[in-house]
Structures are given as C-alpha cells and as structure tokens.
Protein chains: 2
Amino acid sequence: MSAEAATTGEAWEDVTPDAARRLVIAAVQAFAERGYHATTTRDIAGRAGMSPAALYIHYKTKEELLYQISRVGHQRSLAMLGEARDTAGSAADRLAAAVRAFVRWHAEHHTTGRVVQYELGALAPDHYTEIVGLRRQTEDAIRTIIADGVAAGEFDVPEVNGTTLAVLSLCIDVARWFNPAGRRTPDEVGALYADLVLRMVGAPREP
Amino acid sequence: MSAEAATTGEAWEDVTPDAARRLVIAAVQAFAERGYHATTTRDIAGRAGMSPAALYIHYKTKEELLYQISRVGHQRSLAMLGEARDTAGSAADRLAAAVRAFVRWHAEHHTTGRVVQYELGALAPDHYTEIVGLRRQTEDAIRTIIADGVAAGEFDVPEVNGTTLAVLSLCIDVARWFNPAGRRTPDEVGALYADLVLRMVGAPREP
DNA sequence: TGGGCGGGTGAGCAAGCGCTTAGCGACCCG
DNA sequence: CGGGTCGCTAAGCGCTTGCTCACCCGCCCA
C-alpha cells in the first residue's frame, strides 16, 4: 500500500470487513483522481486487489460507494464544526478553532475531501437530498458562531450570511488545491486560514 | 432559447458559424449541470437542436469542445485580472477592482465558470498543460497586486503566497455555489467579496 | 465426515458510449 | 442548366460500461 493509500485509509478504520474497507479506500482515491463518472468499477476493484464482481458482494452499486463516502465525510465535518460551536470561549476562539480543524482535515484528507465536496452531484436524488441537509447543518454551525460574535460585539461583518458562505467556501476549496508534496503542512494552512478568517470578520487578533 | 441559455450565450458571441456557437453554449450548460464525463455528445447535439453527427462537423472531438470553453474562459479571466493589475491607483483599489470583476464574472457566468474552474481535469494532457500555464499567469496577477501593496506598506499579510491562493480560491468558488435565483446579485457578491478581501490583506477601508 | 455459508472468480450480457460513413437537399457560380 | 460544395442526417460500428450469474474454495460446527 502506498503512503497515499495509508493516509487515505486512516479515515476509514471502522469499515468492516477488510475487503469492504479496501474498496472504499480504492474508490476514494479513484474518485478523487478522475471524478466519479470517469471511474470504472473495474478500476476500483483492481486497486483493491479484487475482481470486478467482488465489488457487488459488499456494495449494491457504484453509487452506494459514493454515498457512503459522502455521508461519513459530511458527518465528520459536521461533528468537527458542531464541537467548535459548542465549546466555551469567545466567538473568535471558537471560529478560529472551527476553521483550523476544518481546514486541517481538508488538507490532510484532501482526497476524501475532494470527493465529499465536489462529487455530490453524482449522488442519486434521495441521497443527494439527505447530504444537502447535512451541508445546511454545517453551514448553520459556522453561521451561529459568526452571529454570536456579532451579537457579543466581537465581530464586525458586512453581512452574516454572505460572510458565512465565504468562510465555508474558503475552507472547502482547500481540498481542491492542497498538494501534500507542496511546501505547506496541513497545520500551517489551518493556522494561516484561521488568521485570514478572523481578519474577514473584523476580530481583534493578538499581534 | 431559455433565459439561462441567453445569459450563457452572451459570452460566446464571437463564435461562428451559428451552429458552432449553439454547440458551445449547449456544451457549457451540459458540462456545468452534469460534468464533462457524464455528458454525452448526443445530449450536447440535442440541446443545440442537431443530430449527434453534426457535432463532428464543427469539432473534432468532445474534448475539443471542453478545450475551447476552458481556453476562452481562462483567457478572459487573465485579461480581466491583468487589466486590474496594470491600471493606475493604489494597490487596495486595484485589488478591490480585480476581485470585484473576477467575482462578478464568476457569478454572472456561473455555468461557464463552473466548467472552466472545475472540469479541467478532463482535458487531454497537452491541453491541460497549456491551461495550467494560463492559470499560473492569473495567479501571478493577483500575487503581484498583493506584493505591491505589501511593498508600499498598504497591506499587512501573514504570507503573500498563501494569501494569494486564498483570495483566488474564494473568488473561484463563487462559480460553484452561486445561484441566480438566490437573493444576491452578481454586483452585490462582487462588492461583498472585495470588502472581505481587503480585510484579509489588512488594508484600511473607508468606513 | 460432510454440508452449509460467507467471500471470491471468470465469463459475459444488455445498454450506452464516442465517433464514422454514405448519402441527401439547398445553394452558388460558370 | 449542371456540377461542386457545405451543412446536415440516419444508420450503425466497435468498444466499454455497470452489473449478473453460475460456479468454486476454505472454514466451521454437527
């Protein structure tokens, strides 16, 4: 297994049996590289070291694989942001923590992130609807923190909704451009982005 | 032709003959809705009101259609940002103008923008290389303005390269989420984003 | 010992894909 | 009037796709 596969795998430890986990990891990598529609079931099975037919023992369809990936990924995002929203501390601290965690995750797991954030259009209609619901909840988590900051007089933003969208947009897009071979580590990008976001909301920062 | 087709069409006025233009417009809409790989040549031809074979009179392959769209779109982006970089005025003015124009374009032509920004992975290797070159130039334009601002003492940024990436990322992602049926007009999003970006670079703004 | 069962394979089917080819009508020019 | 050209179509070719099916192997417990 390549180093890339190892990092992709870390996020899927609890998928069993082993063959099913190998298939998710293979699917994440293939979907991230080529996109859902350009990926063949033969490619996924091949990466997992199995014959094409073996895929259908563990998953009903190719779309179900995408759905599992998308669902788990969105739930993790939501858990991360929800936690940041609900901890004690100033709005600035909570916003910085949320952005740091969210960005770090999208950098570290940029293959998974790419699939989660950019391939949801390939989901079946009912799955798509469910995922959109999760996305609205993650949006709400960020909006709540920003609104809290405004209410407390900590933040000064031109428009809460638009700023929320911009913050999320900024974080999500990390999955698209992040390159593990580049100069920046996930931690560094997280710190940089947390700083940029605090500037965006007009929060006073330590010098 | 729908209202959507009309706005998509505005960007392709100079493609001739008429049938070729109808094909690009149809391709932009189809690629934006479903993605390149999920779009069939039959779908494109159908939207343009022609038989599947007619497509190949005007374009050698389906990929060539994507290449034309991608090339023209990137050239327009580059022209826009290059102009903003080269006009007179403070760095803050130039950065705000660049962001405003770039965001406005990605909102107004969000279908084209979606294809230009998110489908380049489907390009043939040599076309991909060419487009990546154009993208580096657009990145350079933004970086130059930010570096100018830092040199002039107008801006205070944690890191020029990372901030450049973040600014571009923010603007590009507008094409993904912008919804013309939503509450915000392209002008409003442009103004909001220009403000947010000035905050990010620590530029003093009029109150 | 043996039979069921979970996990796997090789071969292949029906459908849909990108693209080609033979031919057709409208038009322009000598 | 006649022939070449341009834009287009109907039909279909060769191939790949997602997915299925008949069969197989190793393991566990009666």
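We use all heavy atoms of the structure for the numbers below, so side chains are in, but hydrogens, waters and symmetry mates are not. Quick note on labels: first sequence line is chain A, next is B, and so on, each numbered from 1.
Residue H58(A) places at least one side-chain N or O closer than 4.0 Å to OP1 or OP2 of dG8(C).
Counting to the nearest Å, the P atom of dC19(C) and the CG atom of L55(B) are 9 Å from each other. For the pair I57(B) CD1 and dC24(C) P, the interatomic distance rounds to 16 Å; values are reported in whole Å. With rounding to whole Å, I44(B) atom CD1 is found 13 Å from dC19(C) atom C1'.
Evaluated for a side-chain contact (heavy atoms from CB on, under 4.5 Å) with I146(A), the options D148(A), I142(A), T144(A) yield exactly one hit, I142(A).
No donor-acceptor pair under 3.5 Å is formed between the side chain of H127(B) and the backbone N or O of L123(B). Within the 3.5 Å criterion, the main-chain N or O of I172(A) finds no donor-acceptor partner in the side chain of Q117(A). Of the possible polar contacts, one joining the E188(A) side chain to the T185(A) backbone as a donor-acceptor pair under 3.5 Å is found. Between the side chain of E63(B) and the backbone N or O of A124(B), at least one donor-acceptor pair lies under 3.5 Å.
Residues of residues 59-67 of chain A having a heavy atom closer than 4.0 Å to DNA chain D, listed by number: T61(A), K62(A).
Between W105(B) and H109(B), the ring-plane angle classifies as tilted under the 30° and 60° cut-offs. Classification of the W177(A)-Y193(A) ring pair by plane angle, with boundaries at 30° and 60°, yields tilted.
Chain B approaches DNA chain D over the interval dC8(D) to dG12(D), counting the first and last nucleotide 5' to 3' with an atom under 4.0 Å from its heavy atoms.
Positionally, the nearest nucleotide of DNA chain D for P17(B) lies more toward the 5' end than for the other of R42(B) and P17(B).
Y67(B) carries R71(B) over the face of its six-membered ring, with the cationic atom under 6.0 Å from the centre and within 45° of the normal.
S51(B) comes within contact range of at least one nucleobase, with a heavy-atom separation under 4.0 Å.
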